[in-house]
Amino acid sequence: MTVTPFVPDVPSPAGHANVMQTHEAAQPGSFGKVLNDLEAALGSANGAEDAFANGTGDLQSAIYERARADVAIAVATAASQRAAQALQAIFTMQV
């Protein structure tokens with residue numbers, strides 16, 4: 001997964017890097033940590049499914065890891081929808 005850093009019109013006091021980051025590098029900040037955690041959950045689920053398909057893993061662990069990844073994605077999706085709704089409410093306020 002590649003994430004392009006958000007570059008605001010006004011520079012941040014902490015500064016930022018103008019380098020695109022890939023999944024090998026840790027993403028900065030809380031949002032990046034969430035992305036890394038989701039990627040790890042999906043990777044674990046894919047690994048468990050591949051192990052089951054190759055005959056080295058069991059069905060229970062494959063199902064469990066996939067369910068964990070699905071729950072993580074559902075929670076992240078719900079949180080992003082809530083954040084979008086909150087921003088929409090703020091942007092529609094009259095000044």
Side-chain angles (χ1 to χ4, degrees):
M1 175 179 283
T2 303
V3 177
T4 305
F6 175 71
V7 181
D9 294 333
V10 179
S12 169
H16 63 277
N18 289 327
V19 178
M20 290 187 67
Q21 298 174 352
T22 61
H23 67 281
E24 289 87 13
Q27 303 289 337
S30 298
F31 183 69
K33 184 178 181 325
V34 169
L35 289 178
N36 289 337
D37 291 345
L38 284 174
E39 183 179 11
L42 288 172
S44 178
N46 286 338
E49 290 169 350
D50 290 343
F52 175 70
N54 292 330
T56 58
D58 59 345
L59 181 61
Q60 181 180 0
S61 64
I63 291 172
Y64 175 73
E65 291 298 328
R66 178 55 56 192
R68 276 186 61 215
D70 289 346
V71 168
I73 289 174
V75 169
T77 302
S80 67
Q81 288 174 347
R82 289 285 185 141
Q85 288 174 349
L87 284 174
Q88 184 178 12
I90 290 170
F91 291 146
T92 59
M93 288 181 182
Q94 293 184 2
V95 179

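Numbers here are sequence positions counted from 1.
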What pair of heavy atoms forms the shortest contact from [X] to [Y], and how long is it?
| X | Y | result |
| --- | --- | --- |
| F52 | A62 | CB-CB, 4.2 Å |
| A69 | A41 | CB-O, 3.8 Å |
| T77 | S80 | O-OG, 2.9 Å |

Nearest-0.5 Å distance that lies between atom [atom1] in [X] and atom [atom2] in [Y]:
| X | Y | atom1 | atom2 | answer |
| --- | --- | --- | --- | --- |
| L42 | R66 | CG | CZ | 6.0 Å |
| L59 | E49 | CG | CD | 10.0 Å |
| E65 | Q60 | CD | CD | 11.0 Å |
| L87 | R82 | CG | CZ | 13.5 Å |

Do I73 and V34 land in one hydrophobic cluster if side-chain heavy atoms of ILVMFWY residues count as linked below 4.5 Å?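 Linked within one cluster.
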